[in-house]
Amino acid sequence: MARIEMREIRPGEVPKDGGTALQEDVDRPVFRGNGTDDYVCVSCGNVLAVSMHPEQMTKKVRIRCGRCSTVNVSVIDGWELAHPPH
């Protein structure tokens, strides 16, 4: 299982059709899947999503950390990685 550090959003970076999930409880991840990767906050290392498939962690998915309030996004768009252009 990989532990992937997310990145902070850039000023003005707003993905089309995206949204920001809010972590209400710092001891519980926002998302839980059945993949192999855990995603953590770039600023404080708090766990934001566990057992995720890369395809689920697109740049449309943003997570506001409940511990430090940093808005995080995946470093690599998993959907684009899994579906390269022909």
Side-chain angles (χ1 to χ4, degrees):
M1 188 172 297
R3 187 173 174 98
I4 299 172
E5 184 176 276
M6 299 181 82
R7 73 166 172 81
E8 188 170 2
I9 61 166
R10 297 176 188 103
E13 180 180 18
V14 180
K16 183 179 179 181
D17 299 332
T20 302
L22 305 175
Q23 184 183 38
E24 295 178 355
D25 181 348
V26 298
D27 294 323
R28 293 185 60 191
V30 176
F31 299 113
R32 187 175 300 275
N34 59 0
T36 59
D37 302 326
D38 292 347
Y39 289 79
V40 299
C41 177
V42 65
S43 296
C44 70
N46 187 31
V47 178
L48 302 174
V50 296
S51 301
M52 301 298 289
H53 287 285
E55 296 89 6
Q56 295 171 304
M57 297 304 288
T58 71
K59 292 196 177 167
K60 292 182 180 183
V61 178
R62 298 181 298 176
I63 305 171
R64 181 180 301 274
C65 179
R67 179 166 289 136
C68 70
S69 296
T70 299
V71 178
N72 292 266
V73 68
S74 182
V75 174
I76 298 171
D77 191 310
W79 177 260
E80 292 173 359
L81 184 64
H83 301 90
H86 301 300

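In this text the structure is predicted, and so the values were computed from the model without any measurement.
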For residues 62-70, run the donor-acceptor check on the side chains, cut-off 3.5 Å, and write out each pair with its distance to 0.1 Å, sequence neighbours left out.
from	atom 1	to	atom 2	distance (Å)
Arg62	NE	Thr20	OG1	3.1
Arg62	NH2	Thr20	OG1	3.1
Arg64	NH1	Ser69	O	3.2
Arg67	NH1	Asn46	OD1	3.3
Thr70	OG1	Ser43	OG	3.0

**Request:** Give the C-alpha distance, both sets of side-chain angles, the deciding distance and a yes or no for side chain to side chain contact (heavy atoms under 4.5 Å, CB included) between His53 and Thr36.
**Result:** CA-CA 6 Å; His53 287 285; Thr36 59; 6.0 Å; no

**Request:** Go through Arg7 and Val73 one step at a time and tell me if the side chain to side chain contact (heavy atoms under 4.5 Å, CB included) criterion holds.
**Result:** CA-CA 5 Å; Arg7 73 166 172 81; Val73 68; 3.5 Å; yes

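Of all heavy-atom pairs between Met57 and Ala49, the closest is CE-CB, 4.3 Å. Contact between Pro54 and Tyr39 at its shortest, heavy atoms only, is CA-OH, 4.0 Å. Heavy-atom minimum distance, Gln56 versus Val61: O-CG2, 3.8 Å.
In this structure the side chain of Glu24 never reaches within 4.5 angstrom of the side chain of Val30, judged on heavy atoms. In this structure the side chain of Val40 reaches within 4.5 angstrom of the side chain of Arg3, judged on heavy atoms.
Separation of atoms CG (Asn72) and SG (Cys41) is listed at 4.0 Å; rounding is to 0.5 Å.
Ile4 and Val42 are assigned to two separate hydrophobic clusters, defined by single-linkage of ILVMFWY side chains at heavy-atom distances under 4.5 Å.
Although no hydrogens or angles enter the test, the distance criterion places a donor-acceptor pair under 3.5 Å between the side chain of Gln23 and the main chain of Val47.
Atom CZ of Arg28 sits in a sparse spot, with 12 or fewer heavy atoms from other residues, nucleotides or ligands closer than 6.0 Å.
Residue pairs meeting the salt bridge (Lys or Arg N to Asp or Glu O under 4.0 Å) criterion with at least one member in residues 31-53: none, sequence neighbours excluded.
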